[in-house]
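Remarks on the structure that follows.
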Protein chains: 2
Amino acid sequence: MVTSLKPQLGANPERVRSHNKQLVLRAIRHVGTAGRAEIARASGLSTQAVSNIISDLLNEGLLVEQGVRSAGRGLPVQQYAIKPDGGYAFGVEVRPTAVFTALVDLVGTPLVTHRTPLADPQKATILETVCAQLDETLAKTHVPKNALMGAGIVMPGPFGDTGLTGTESELPGWNTGDPAEIFANRLDLPVFVENDANAAAMAERMNGVARGLDDFAYLYFGQGLGLGLVQNGQAVQGAFGNAGEIGHITVVVQGRPVELESATSRLSVQAHLAGHGVTVMNVDDLTSLYSSANRHLFVWLDQAAQALSSALSIIENLFDPQTVILGGAMPDDLLDHIIARTALPERSVSNRPDRKYPRLMRGTSGRMTATLGAAALVLHQAFTPTIAAAR
Amino acid sequence: MVTSLKPQLGANPERVRSHNKQLVLRAIRHVGTAGRAEIARASGLSTQAVSNIISDLLNEGLLVEQGVRSAGRGLPVQQYAIKPDGGYAFGVEVRPTAVFTALVDLVGTPLVTHRTPLADPQKATILETVCAQLDETLAKTHVPKNALMGAGIVMPGPFGDTGLTGTESELPGWNTGDPAEIFANRLDLPVFVENDANAAAMAERMNGVARGLDDFAYLYFGQGLGLGLVQNGQAVQGAFGNAGEIGHITVVVQGRPVELESATSRLSVQAHLAGHGVTVMNVDDLTSLYSSANRHLFVWLDQAAQALSSALSIIENLFDPQTVILGGAMPDDLLDHIIARTALPERSVSNRPDRKYPRLMRGTSGRMTATLGAAALVLHQAFTPTIAAAR
DNA sequence: GCGTTAACTCAACTTTCTTGAGTGTTCAAG
DNA sequence: CTTGAACACTCAAGAAAGTTGAGTTAACGC
């Protein structure tokens, strides 16, 4: 039973340099600003090698000098930082009714974000819309296309024909061909495709509460509920890109089995409130319901927290993450409320006395979470050494 | 919130060579025997580079020539294969009542296996026993110590003080200090520590039904139930090494929530049978009960299969593995029976028409599964390129 | 038979890293 | 105030690994 060997790249001078460059960028990004010697120690390279690489990066416009810092004895340190306009990333979130786009700079600051309603969810329409948005965004911001390092695309999973197909708010026509390749050809850019939860998780790791974390889980409240997993600094995609479909597992709430997604998701809260005659159209409606202490909403929140507690037990015991982050298209207030009410399972490997992070944290939320996450995929790539890259 | 940056190695000539060597070994191992040009294509190196590396590996005794193969036109291919006695790995499984050890060669063939009862489960006693077994094994097989590439150690988790502590058949005194370091110092060898499930999974990947798979899950029947996860060819350890503690999650059987481990584990079957007046002492007893079609055993098997079906739904939807493997200290017959009776969840990302592997497979079983898995950890290391190593 | 195909080797070249000596700045001890 | 240690960084030489392109050998097919 011989399967194809994943193309694991051998190292040659060119690839070594590229690898080390990214290592240096990564080290600088991690601490904000750094000097040559410091980077050398962190990377296991000689200071001379680091010096040469930094000189390269300065020429390429990826770094800026940040003045000197005299730290104790010795020659003061010439510091360097990532140059924000050294590169840009385009983030795209495709939903059945609209396409969201964002342009972010090298340090992750969004320059523009945009929502384009979709006339129809056909493949051609989507490609056309994304393409047009890219051009428009570049024109508006005067960012040259060659400064774009790539595009991240968030699409609703699952990918391919699976047992969950048909149950999702799906996009027709994407089950044939590799979406990444299709977009890459159309946009003429390196493209990275992920599901919303993984993208949001990577964004959190690049610029959110998960900065510096290498092992964590992210529960993403979207239409349904998704689980983003980061292991060893890499998003876990699974064999076919469908890892993290946590919404359809069965958990126990008040002794009764329920589908997780039916208890904790945007659809779930809408359905629950509709059952009590309350109509919510969007996230803002939820916020006002919450501030007016709507009884039905509070009932739902409590029940969601109970379901979440079961899910937490599974996530923690299966992944042993540093922390679990809650985020997505849900108002902060509600997330905070749920977090406060979620019982942290006693019988969990995460129930340890020497924790550095809370077991449950709130991440970035809001409508653009996944879109910015899409852009973060590109940034993540730019700061990840390439030799023997775990994809 | 700045955390310590994982020491990601920069590439220098020495590390590049080591990386490429392992890449070549890996490519050869993957296909059994291979020629230079073939390896060059697979690794992205030039044939000249591969030639030089192979010449090195021949000198080091890690490869043997395997004669020529004339494949179509052109000069016949000089083939190479891994030299079985090119290196050895020592595997250790520590249990509260005994220590199991095994010596395997570079291709994974076990030379000797041994069980040493433990007078007491104290740390010092264990270290002493392992050390003595290593010496004895080397003496018996006339393998020089410098041919040993390392030792793999399997210890019952969870590691550290967690919410599951105290519920396991535990070893006292290992919560302080890093077990890997302690063993490494004592044995004077590179040491890799894992839990039983992950080790068994790696063994399956090196020489079992998971050969060539990079993303799969392994359910290990031990005292309890453990989940080994392989993602992108690497074992998932979690932030604190405790990933895969699936035994304590709650699943639903016949509409009622139960702890998974209470339904599917060696302890569970023993308890169930004891409740009906049947005493089983070991794996052989189970085999004979099965061949005599014991009614109580069959009831347990059905119930275990139902619990497993719930677990499968969780594993598949969270990891999207290529397959899920069942193995461990359970007779083949019983595993096969359970697999046959386990309902494959419909609503799963793994329920896809284009599958190459069954959703549920039986892996290696038997008493030495984890011990050989421990040795496989060392082999895995030897065939894994080191630059930017994912640990 | 003879040209084509393909694997492999040899020798020259390139890239990148490391090493060790040297420069400049800061701090602290005498 | 002087002197020396500590530290960051640069320069130039050297080493290690990979690549390139020409040349050799062997099998196949027309």
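Predicted model only: the values in this text are computed from it and were never measured. Residue numbering restarts at 1 for every chain, and letters A, B, ... go by the order of the sequence lines.
Note: OH (Y80(B)) to P (dA7(C)) measures 14 Å, nearest angstrom. In this structure, the CG atom of N12(A) is 19 Å from the P atom of dA16(D), given to the nearest Å. Whole-Å rounding puts the I387(B) CD1 to dA17(D) P distance at 12 Å. For the pair L45(B) CG and dT20(D) P, the computed distance is 11 Å after rounding to whole Å. Rounding to whole angstrom units, CG of residue N20(A) and C1' of dG18(D) are separated by 15 Å. Here dC8(C) presents its C1' atom at 14 Å from CZ of R69(B), a figure rounded to the nearest Å. Rounded to whole Å, atom P of dT19(D) lies 10 Å from atom CD of E14(A). Straight-line distance from the CG atom of D56(A) to the C1' atom of dT15(C): 12 Å, rounded to whole Å.
Taking CG of L379(A) as the reference point, atom CD1 of I82(A) lies at 10.0 Å (rounded to 0.5 Å). The NZ atom of K21(B) lies 13.5 Å from the CZ atom of F383(B); values are rounded to the nearest 0.5 Å.
Of the candidate nucleotides dT19(D), dC9(D), dT18(C), dC9(D) has the atom nearest to the side chain of R36(A). You'll find that the side chain of Q48(A) is closest to dC11(D), out of dC17(C), dG18(D), dC11(D).
By the 4.0 Å N-to-carboxylate-O rule, R186(B) lies too far from D188(B) to be salt-bridged with it.
Toward the 5′ end of DNA chain D lies the nearest nucleotide of A37(A), the other residue of the pair A37(A) and N52(B) mapping further downstream. Positionally, the nearest nucleotide of DNA chain D for V77(A) lies more toward the 5' end than for the other of A11(A) and V77(A).
Environment of CD in E60(B): crowded, with over 12 heavy atoms of neighbouring residues, nucleotides or ligands closer than 6.0 Å.
No hydrogens or angles considered: a donor-acceptor pair under 3.5 Å links the side chains of E194(B) and Q237(B).
Note on I54(B): nothing from the nucleic acid sits closer than 4.0 angstrom, heavy atoms only. Among the protein residues, S51(A) comes within range of the sugar-phosphate backbone only, with heavy atoms under 4.0 Å from sugar or phosphate atoms but none that close to a base. Across all strands shown, R41(B) has heavy atoms under 4.0 Å from sugar-phosphate atoms exclusively, and none from any base.
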Expected string for nucleotides 22-30 of chain C under the B/S/- scheme (protein heavy atoms, under 4.0 Å, primed atoms plus P, OP1, OP2 as sugar-phosphate) is --BBBBS--
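When all heavy atoms of F90(B) and L103(B) are compared, the closest pair comes out as CD1-CD1, 4.2 Å.
Considering only heavy atoms from C-beta on, E65(A) stays 4.5 Å or farther from Q79(A) through its side chain.
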